[in-house]
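Ligands are counted one by one from 1 in listed order, and the atoms in each one are counted from 1 as well. None of these values were measured; they are calculated from a predicted model. Heavy atoms only: backbone and side chains are in, while hydrogens, waters and symmetry mates are out.
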Amino acid sequence: MIVYLNGKYVPKEEAVVSVFDHGLLYGDGVFEGIRAYHGRVFKLGEHLDRLHDGARALRLEIPYSKEEMQDIVLETLRRNNLQDAYIRLVITRGPGDLGLDPLKCPKAFVFCITASIVLYPDELYEKGMSIISVSTRRNIPTACIPRVKSLNYLNNIYAKMEANLAGMPEAIMLNNEGYVAEATGDNIFIVKNGVLITPPSYAGILEGITRNGVMDIAREKGIPVEEKLFTMFDVYTADEVFLTGTAAEVIPCINVDGRIIGSGRPGDMTRELIVAFKELTKIDGPLIYPGGSA
Ligand code: PXG
């Protein structure tokens, strides 16, 4: 396995980061989790936009343009002969001293890992999954901005630990006002009376690329889409519930906190969106091997 490491392509064993890097010492940095399907990098432009916006919010200067970042991602995939992959692109604050001052870190550090993708079992998509809500609240935007996909994931990890303890694969996090925000690594949608509803970005969420893609697909199909605040009551009484994320794609939830959702089976709109999303992954994004061949 070959890893892109700050200007070089190196074997996995040599892909190491300094113990003085503020990404490690303080979680200071941004990242993206991206997928490649059928030889194309899905929504790469959107991922690079989010990465750059997050870096801007952190006053972290990415030493490459978006075009150069795109080349790094594509070249890493080519060096690993990958067509379908999970990609982790990371920008850290870089090495500094043992104080937290980012000004002491002269240059950001960039790396890109590509791996063959481990998928959730098909059964979860066919039968739907059971999840719970947890007591850990999503970060408040005035303290740690949830819209920045930062290297500090402790908020989500606390919630994931609660899910683990309950033997559940995912957990719903509320914001500090008690409105539904998102899951630990996925966004949430509910369907009520034919309307597709998801929390707005001001609910304090990471605006998922998958979330935005699913809303686009729904609108193209003429499905009414609303971004609005809702509570766990709305989740319990929804006709359908599903989560979206780069790793999970679109995954139905049929039980939340012990309440059976709708018929207890993945709903029609969820299944329609899963199919349309799969189709989109076949055509969206830049080709890894523009001249053909893998
Ligand atoms: N919310 C949060 C908090 C996330 O971390 C999403 C939503 C979905 O966003 P995208 O752009 O992927 O549709 C994420 C996704 C994991 C994992 O192992 C998940 C994410 C990052 C790293 C790992 O589940 N982010």
*Asks:* Do you see a donor-acceptor pair shorter than 3.5 Å between the side chains of E162 and S135?
*Replies:* yes
*Asks:* For atom 6 (C) of ligand 1, which candidate among P169, G245, G185, G213 provides the closest heavy atom?
*Replies:* G185
*Asks:* What do you reckon, does E182 have a nitrogen or oxygen under 3.5 Å from a nitrogen or oxygen of ligand 1?
*Replies:*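 For ligand 1, there is an N or O atom that lies under 3.5 Å from one belonging to E182.
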*Asks:* Looking only at distances, please establish whether an N/O atom of ligand 1 is found under 3.5 Å from an N/O atom of T210.
*Replies:* yes
*Asks:* With a 3.5 Å cut-off and no angle check, do the side chains of D234 and T231 form a donor-acceptor pair?
*Replies:*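 Indeed, the side chains of D234 and T231 share at least one donor-acceptor pair under 3.5 Å.
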*Asks:* Between Y4 and F111, is the gap from one ring center to the other below 6.0 Å?
*Replies:* no
*Asks:* Any nitrogen or oxygen of R50, main chain or side chain, under 3.5 Å from a nitrogen or oxygen of ligand 1?
*Replies:*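 The answer is yes, given that R50 and ligand 1 share an N or O pair closer than 3.5 Å.
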*Asks:* For atom 21 (C) of ligand 1, what's the nearest protein heavy-atom neighbour? Residue, atom name and distance, please.
*Replies:*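 Answer for atom 21 (C) of ligand 1: K149 NZ, 2.9 Å.
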*Asks:* Which one holds for R138 and ligand 1: side chain close, backbone close, both close, or neither close, with close meaning a heavy atom under 4.0 Å?
*Replies:*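 Under 4.0 Å from ligand 1, R138 contributes side-chain atoms alone.
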*Asks:* Output the list of atoms in ligand 1 that are nearer than 4.0 Å to some heavy atom of R88, sorted by atom number.
*Replies:* 22 (C), 23 (C)
*Asks:* Of the choices N156, I209, N212, which has the non-hydrogen atom that lies closest to atom 3 (C) of ligand 1?
*Replies:* N156
*Asks:* I want to check a possible cation-pi pair here: R79 against Y9, using under 6.0 Å from ring centre and within 45° of the ring axis as the test.
*Replies:*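 Judged by the rule (NZ or CZ under 6.0 Å from the ring centre, within 45° of its axis), R79 counts as positioned above Y9.
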